[in-house]
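The model shown is predicted, which means the values in this text are computed figures rather than measured ones. Each chain gets a letter, A, B and so on, in the order the sequences are listed, and its residues count up from 1.
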Amino acid sequence: MIPVCGRFTITVTIGLPERFGVKTREVQIEPRYNIAPSQPVPVIIRPESGERIFVEMVWGLVPHWAKDPSAVRRSINARAEGLGERPSFRDPLQRSRCLVPANGFYEWKKAGKVSEPYYIHRKDDRLCAFAGLYDTWKTPDGNRLRTFVIITTEPNRLVSCYHDRMPAILREEDEKLWLSPGPLPDSTVRELLAPYPAELLEAYRVSRRVNDPASEGEDLIRRVQDSTLPV
DNA sequence: CCAGACGTTGTT
DNA sequence: GTCTGG
DNA sequence: CCAGACGTTGTT
DNA sequence: GTCTGG
């Protein structure tokens with residue numbers, strides 16, 4: 001009873017800071033093949049200081065006004081449509097946009113009783129940025145819990161074979177605008193969050209080992225035979 | 001005014 | 001915090 | 001998203 | 001069936 005983009009990967013970590021214009025290299029980022037909600041992810045923000053930085057945030061938004069993080073239903077996705085009107089997202093959309101680095105994501109197809117996972121990624125294997133929003137919750141002891149959501153949009157022709165939503169992948173030339181401080185016009189937001197071109201992506205069946213959030217490793221993105229399609 | 005929600009997708 | 005429903 | 005739990009008090 | 005944890 002949760003969302004669409006529910007698992008993703010960061011497989012290419014060499015050159016990641018350079019790819020996103022982050023100057024600080026102190027954060028050691030390990031490849032991840034099965035990032036699930038509730039886990040920490042290095043996302044990219046641009047504070048007022050102007051320099052892009054990595055900040056570790058937990059996937060699943062806890063709004064700043066929540067009284068108790070465990071009492072609030074954490075959203076892991078936010079629909080692009082009507083984003084500006086949702087109480088949880090209205091504020092972050094104006095002031096707290098982030099880039100979520102990713103190489104690909106998983107979608108599941110029900111085949112009878114079992115869910116069969118597919119991996120969707122760029123044909124050229126370059127890193128993408130999902131459009132994200134974040135918020136900061138102040139803990140009773142004065143610390144900060146930083147959390148984020150991945151925005152979803154209509155699927156392109158490729159992803160629509162698997163699902164009726166897909167993550168909003170920013171075109172590389174739009175990443176700068178998404179990280180710019182302050183509100184963006186509604187029309188700009190709509191344009192930036194439009195479905196990513198299908199011809200740049202590829203999808204294939206992977207092992208059901210990825211179903212278990214505890215699974216890790218490069219085996220998870222290995223292509224396996226798709227039993228639902230002819231050979 | 002106060003109380004209560006504040007979210008998404010998929011499946012039926 | 002802010003909006004909606006009662 | 002999927003997997004796994006789904007319960008309590010008192011005693012060690 | 002439905003919620004929580006990863």
Separation of the P atoms in D:dA5 and B:dA5, to the nearest angstrom: 29 Å

Stacking here means centres under 5.5 Å and planes under 30°; does A:Tyr106 stack on D:dC1? no

In the hydrophobic clustering (ILVMFWY, side-chain contacts below 4.5 Å, transitive), which residues join A:Ile14, or is it alone? none

Can you tell me if A:Lys138 has over 12 outside heavy atoms packed within less than 6.0 Å of its NZ? no

Write down the distance between CZ (A:Phe8) and P (D:dC1), rounded to a whole number of angstrom. 16 Å

What is the distance from CD1 of A:Ile76 to P of E:dG5, rounded to the nearest Å? 15 Å

How many Å lie between CZ on A:Arg86 and P on B:dG7, as a whole number? 6 Å

Distance, rounded to the nearest Å, where A:Trp59 contributes CH2 and B:dG7 contributes P: 18 Å

Is the phosphate of E:dT4 approached by A:Ser70 (side-chain N or O, under 4.0 Å from OP1 or OP2)? no

Of the nucleotides B:dG7, B:dT9, D:dC1, which one has an atom closest to the side chain of A:Arg165? B:dT9

To which residues is A:Trp108 joined in a hydrophobic cluster, defined by side-chain heavy-atom contacts under 4.5 Å among Ile, Leu, Val, Met, Phe, Trp and Tyr, whether direct or through other members? A:Tyr33, A:Tyr106, A:Tyr119, A:Tyr204, A:Val206, A:Val210, A:Leu220, A:Ile221

If you only use heavy atoms from C-beta on, which nucleotide in B:dT9, E:dG6, B:dC6 is closest to the side chain of A:Pro37? E:dG6

How far, in whole Å, is D:dC2 from B:dT11 if one measures between their P atoms? 9 Å

Of all the base pairs, Watson-Crick or G-U under 3.5 Å, which form stems of three or more consecutive pairs involving DNA chain B? B:1-6 with C:1-6

Should we say atom CD of A:Glu173 is surrounded by more than 12 heavy atoms from elsewhere, each under 6.0 Å from it? yes

Worked verdict on A:Arg126 versus A:Arg19 for side chain to side chain contact (heavy atoms under 4.5 Å, CB included): CA-CA 9 Å; A:Arg126 274 180 62 79; A:Arg19 160 69 179 81; 3.5 Å; yes

Distance check needed: C:dG1 P versus A:Arg90 CZ, whole Å only. 15 Å

Taking atom types as modelled, is there a side-chain donor on A:Asn103 or A:Arg122 under 3.5 Å from an acceptor on the other? no

Could you measure between the two P atoms, the one in E:dT2 and the one in D:dT9, and give it in whole Å? 26 Å

Residues two or more places apart in sequence or in another chain: which of them pass side chain to side chain contact (heavy atoms under 4.5 Å, CB included) with A:Pro197? A:Glu199, A:Leu200

Answer yes if A:Val41 and A:Leu99 sit in the same cluster of Ile, Leu, Val, Met, Phe, Trp and Tyr residues linked by side chain heavy atoms under 4.5 Å apart, and no otherwise. yes

Sorted by number, the residues of residues 208-219 of chain A with heavy-atom contact under 4.0 Å to DNA chain D: A:Asn211, A:Asp212, A:Pro213

From CD1 of A:Ile221 over to P of D:dC1, roughly how many Å is that when rounded to an integer? 22 Å

Could you label the plane-to-plane angle of the A:Tyr162 and A:Tyr118 rings as parallel, tilted or perpendicular, counting under 30° as parallel and over 60° as perpendicular? tilted

If the cut-off is 4.0 Å, is A:Arg79 near the phosphate of B:dT9, judged by side-chain N/O to OP1 or OP2? yes

Indicate, yes or no, whether a donor-acceptor pair under 3.5 Å links the base of E:dG6 to the side chain of A:Ser38. yes

Among C:dG1, B:dT8, D:dC1, the nucleotide that comes nearest once only the side chain of A:Pro87 is considered: C:dG1

Does A:Ser75 have a side-chain nitrogen or oxygen under 4.0 Å from the phosphate oxygens OP1 or OP2 of B:dT8? no

From the list E:dG6, B:dT8, C:dG1, which nucleotide is the closest neighbour of the side chain of A:Phe89? B:dT8

Test item: A:Arg165 and A:Arg79 side chains (from C-beta on) under 4.5 Å apart, heavy atoms: yes

Within the 4.0 Å heavy-atom criterion, would you say A:Ala66 contacts the bases, only the backbone, or no part of the nucleic acid? nothing

Rounded to whole angstrom units, what separation is found between the CD atom of A:Glu81 and the C1' atom of B:dG7? 14 Å

Salt bridge or not between A:Glu116 and A:Arg205? Use side-chain N to carboxylate O under 4.0 Å. yes

Would A:Arg74 and A:Val62 count as a side chain to side chain contact (heavy atoms under 4.5 Å, CB included) if you check the C-alpha gap in whole Å, the side-chain angles of each, and the deciding distance to 0.1 Å? CA-CA 6 Å; A:Arg74 300 185 179 199; A:Val62 178; 3.4 Å; yes

With rounding to whole Å, what would you report as the distance between E:dG1 and D:dT8 at their C1' atoms? 23 Å

Would the number of heavy atoms belonging to other residues, nucleotides or ligands and lying under 6.0 Å from CG of A:Asp186 be above 12? no

Of all the nucleotides listed (B:dG7, B:dT11, B:dT9), which has the minimum atom distance to the side chain of A:Lys110? B:dT11

What are the residues of residues 137-150 of chain A, sorted by number, that bring a heavy atom to within less than 4.0 Å of DNA chain B? none

Provide, to the nearest angstrom, the distance between the CG atom belonging to A:Leu83 and the P atom belonging to B:dG7. 10 Å

I'd like the P distance from E:dG6 over to B:dA3, given in whole Å. 35 Å

